[in-house]
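First listed ligand is number 1; within each ligand, the first listed atom is number 1. Predicted model, so just to flag it, every value in this text is computed and none were measured.
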Amino acid sequence: GHSMRLLEVENLDVRYGQIQALKGVSLRVEEGEIVTLLGANGAGKTTLMRTISGLLRPRAGHVRFRGEDITRVGADRIVRLGISHAPEGRRVFPTLTVAENLMLGGYTRAPAEAAQSLKQVLLMFPRLEERSRQLAGTLSGGEQQMLAIGRALMAKPRLLLLDEPSLGLAPIIVRDIFRALRQIRQQGMTLLLVEQNARMALKLADRGYVLETGHIALQASARELLESPEVQATYLGRE
Ligand code: ATP
C-alpha cells in the first residue's frame, strides 16, 4: 500500500512580536518514521513543536495531519486527533502521584483502554512502576522525564512529539531514555524528536532536519547526516 503522509508542515512562519522564529519551514513525517530535528539553541525547534501541537499560531503556512489542515485547530482537539507532545522541561504535576499523572495523560480515552496503556507504560518504565504511588515532585529529573514520556504515550498518539528528552540528565539515565525510545520505535510509533544529543538521536532516527536560525538548512537520511562533515563539525563534536 501507499504509505500515508502523517504530518506535513508547509512554509511555516512564526513570530514573537518583531522576532521571526520560523521562516518558511517545511517538513514531513511519514507513518512509522522517526524524524529528528537538530539545531543550536534558539534555532526554533521548540517553536516548531509548539506550533504543530496547536500552542502557537503561525502567521503563515500550514500544518496538515493525516490530510487534515490543523493549522488553526486548538491544542486539545489536536491531542484528540492523535498528536501528543512531551514538552521540554517535563512539566509533570508535582503534587499528584506518578499513577495520577499517567492517568491524566489518558483523559481522552475510555477507562479500560487507558488502563491497558497504563500497563504498557509501566512495563516500558519499570522505575515508574516502582514509584507509581509516589508524588511526581519527589522523582529525580530522569524519572520525571520518563513520566513525561509515559504521560504522552497514555493518549496512544499516532504521532509523538518529544522535545529534548535527555536534557540535563546523567549519561546512565540518558541511556535508559534512549532504550525506551528504541522500544517505542519497535512498536511502530511515529516520532518527531528534538534532541541536543545529536549523535544518539541520529542513530535512532530514519531521517533528520537541521534548523538554523528559523529555517531548514539541511535535510537527509539519518545516516547521511551522521556522515556529513558539516553536521559532524557543528553538531556531533567529539565522541
Ligand atoms: P532551545 O534549544 O534553546 O530551546 P530552540 O531551537 O527550541 O532553542 P526556540 O525556543 O524555538 O528555539 O526559539 C526560537 C527563537 O524565538 C529564539 O530567537 C528565541 O529567543 C525566540 N523566542 C522563543 N520564545 C519566545 C517568546 N516567548 N518570546 C519572544 N521570543 C521568543
- Query: Would you say Arg179 has more than 12 foreign heavy atoms packed within less than 6.0 Å of its CZ?
  - Reply: yes
Out of Gly42, Gly44, Ala21, the nearest non-hydrogen contact to atom 3 (O) of ligand 1 is supplied by Gly42
among protein heavy atoms, the one nearest atom 13 (O) of ligand 1 is Thr47 OG1, 3.8 Å
Is it true that a side-chain atom of Arg185 and a backbone atom of Leu204 form a donor plus acceptor pair closer than 3.5 Å?
yes
Under 4.0 Å between a side-chain nitrogen and a carboxylate oxygen: does that hold for Asp163 and Arg91?
no
The closest protein heavy-atom partner of atom 10 (O) of ligand 1 is Thr46 CB, 3.8 Å
Would Thr36 and Glu195 count as having a side-chain donor-acceptor pair, cut-off 3.5 Å? no
In this structure, atom 24 (N) of ligand 1 is nearest to the protein heavy atom Tyr16 CZ, 3.3 Å
Could you tell me if the side chain of Arg151 sits less than 4.5 Å from the side chain of Phe93, heavy atoms only? yes
Under 4.0 Å from one or more heavy atoms of Ala43, ligand 1 contributes atoms 5 (P), 6 (O), 12 (O)
Surrounding CD of Gln183 (heavy atoms of other residues, nucleotides or ligands, distance under 6.0 Å), is the total greater than 12?
yes
Quiz item: Would Glu113 and Lys156 pass as an ion pair if we require N to O under 4.0 Å?
Solution: no
- prompt: Would you say Gly214 contacts ligand 1, with heavy atoms under 4.0 Å as the rule?
  reply: no
Closest to atom 2 (O) of ligand 1 among protein heavy atoms sits Lys45 NZ, 3.2 Å
**Report entry** Any protein heavy atom nearer than 4.0 Å to atom 20 (O) of ligand 1
**Finding:** no
Ligand 1 to Ala40, heavy atom cutoff 4.0 Å, flagged ligand atoms 6 (O)
Ile19 heavy atoms within 4.0 Å reach ligand 1 at atoms 30 (N)
